[in-house]
Number of protein chains: 2
Amino acid sequence: MNSDTYQLDETDRRILLALDADPRVPIMMLAQQLGLARGTVQTRLERLAHSGALRPNTSRILPAAMGRGVSAFVSAELNQASLNEAIAALRQIPEVLECVAPAGDTDLLIRVAATDPDDLYRVSEEIRLCPGITRTSTSMILRDVIPFRTTELLKKLSKD
Amino acid sequence: MNSDTYQLDETDRRILLALDADPRVPIMMLAQQLGLARGTVQTRLERLAHSGALRPNTSRILPAAMGRGVSAFVSAELNQASLNEAIAALRQIPEVLECVAPAGDTDLLIRVAATDPDDLYRVSEEIRLCPGITRTSTSMILRDVIPFRTTELLKKLSKD
DNA sequence: GATCCACTGGTCATTTTGACTAAAATCTAG
DNA sequence: CTAGATTTTAGTCAAAATGACCAGTGGATC
């Protein structure tokens with residue numbers, strides 16, 4: 001099963017929404033809250049976990065609590081022949097929180113966290129030195145306006 | 001207590017790292033794995049939860065499992081006088097997964113999820129019509145190269 | 001030397017878990 | 001419409017985990 005094929009139904013969505021409020025809530029409470037049998041919730045949760053419909057888990061720690069209060073996006077252009085090496089190298093850099101490949105001039109958009117502007121400079125240098133990367137451009141994140149969420153989308157699905 | 005002041009110690013990091021593997025693991029198992037008394041882990045977990053060091057929880061569901069297989073970044077320029085209205089309007093759009101304010105020409109960088117390119121167009125239109133937003137530019141995400149993670153950073157802290 | 005603090009290792013009653021049932025309800029296809 | 005498949009329910013069980021306690025220990029700080 002993979003995320004491309006598995007589609008959530010209303011029950012899945014309700015479970016996930018409830019889990020949104022507290023990810024460690026006991027299954028029994030969930031079942032009560034949702035008016036489902038415990039076994040149902042238990043089965044659904046197992047199915048979800050194995051379905052590939054969930055993002056890989058990451059501790060919910062804020063970079064700021066690790067002294068990494070300075071975040072930025074680094075856009076990188078690269079020699080596309082060495083894409084895979086570049087990615088492998090980026091994966092080794094702990095300050096790289098995330099990386100996506102967008103369409104357009106920017107080949108890779110990399111999210112990083114640093115302790116201060118100086119450290120940010122160091123990290124972006126480290127990225128620029130990754131094999132295949134030809135150019136980078138760094139843009140500090142001034143404010144986290146809407147933190148990542150899927151809740152609203154889940155709610156929307158439930159409505160229609 | 002807030003995320004700016006609270007700093008993790010080695011024990012916190014070990015707990016978070018263990019929680020990384022399985023966010024719903026029982027406290028008792030955690031304590032065993034880490035060689036700590038149960039009470040200690042219990043206290044730490046409570047403290048973490050109230051410290052503001054954790055990101056707001058979001059269900060780990062992948063947009064793709066909600067039929068939102070098409071992701072994109074929408075960069076928006078705006079009349080900065082109406083920043084707050086713009087943000088409030090964006091928050092209402094379920095397809096908006098995240099939004100940050102970077103330094104530079106782009107005032108807001110908005111991450112969206114859509115069902116297909118057509119839907120993506122609709123969403124970016126919706127964003128363009130938000131109060132104060134003067135210009136948008138949409139760039140599809142071709143590949144999620146490194147999914148969001150803080151694990152490596154946590155590990156790095158533990159090393160030095 | 002006294003005080004504070006976090007951690008330990010222990011208790012307790014209560015709740016939750018995982019792994020099972022069998023029966024009812026719901027879906028699906030011929 | 002009906003037979004078969006699948007899900008959900010509601011129930012069981014022993015084992016484990018929970019939250020809320022406790023007194024005792026060891027390290028810092030004053």
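Just so we're on the same page: letters track the sequence lines, and every chain starts at 1. Small disclaimer: the values here were computed from a predicted structure and weren't measured. Scope of the values below: all heavy atoms of this structure, side chains included, with no hydrogens, waters or symmetry mates.
- Note on A/Arg14 versus A/Glu10: no salt bridge recorded, every NZ/NE/NH1/NH2 to OD/OE distance being 4.0 Å or above.
- One atom, CG of B/Asp9, and another, P of D/dG27, lie 17 Å apart when rounded to the nearest Å.
- Heavy-atom distances to DNA chain D give each of A/Thr40 and A/Arg24 a nearest nucleotide, and the one nearer the 5′ end belongs to A/Thr40.
- The nearest whole Å value for the distance from the CD1 atom in A/Ile15 to the C1' atom in D/dT8 is 12 Å.
- In this structure, the nucleotide among C/dT8, C/dT16, D/dA17 sitting nearest to the side chain of B/Leu36 is C/dT8.
- The CG atom of B/Asp22 sits 13 Å away from the P atom of C/dT17 (whole-angstrom rounding).
- Side-chain atoms of A/Asp107 come within 3.5 Å of backbone N or O of A/Leu78 as a donor-acceptor pair.
- Rounded to a whole Å, the CZ atom of A/Arg47 is 18 Å from the C1' atom of C/dG18.
- Taking atom CE of B/Met28 as the reference point, atom P of D/dA16 lies 10 Å away to the nearest angstrom.
- With distances taken from any side-chain atom of A/Ile27 to the nucleotides D/dT8, C/dG18, D/dG19, the minimum falls on C/dG18.
- At a cut-off of 3.5 angstrom, counting only N and O atoms as typed in the model, there is a donor on one side and an acceptor on the other between the side-chain of A/Arg38 and the base of C/dG18.
- Proximity of B/Pro23 to A/Pro23: side-chain heavy atoms (C-beta onward) are nowhere separated by under 4.5 Å.
- Rounded to a whole Å, the CD atom of A/Glu10 is 13 Å from the P atom of D/dT8.
- In this structure, the side chain of B/Asp119 engages the main chain of B/Thr115 through a donor-acceptor pair within 3.5 Å.
- Within the 4.0 Å cut-off from OP1 or OP2 of C/dA6, not a single side-chain nitrogen or oxygen of B/Arg44 is found.
- C/dT15 atom P lies 17 Å from atom CG of A/Leu30, rounded to whole Å.
- Mapping A/Glu46 and A/Gln32 onto DNA chain C by nearest heavy atom places A/Gln32 closer to the 5' end of the strand.
- Atom-to-atom, CD of A/Gln33 to P of C/dT16 comes out at 11 Å; the value is rounded to the nearest Å.
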> Could you go step by step and tell me if B/Leu157 and A/Arg68 meet the side chain to side chain contact (heavy atoms under 4.5 Å, CB included) rule?
Replying inline: CA-CA 11 Å; B/Leu157 287 195; A/Arg68 266 38 180 204; 3.4 Å; yes
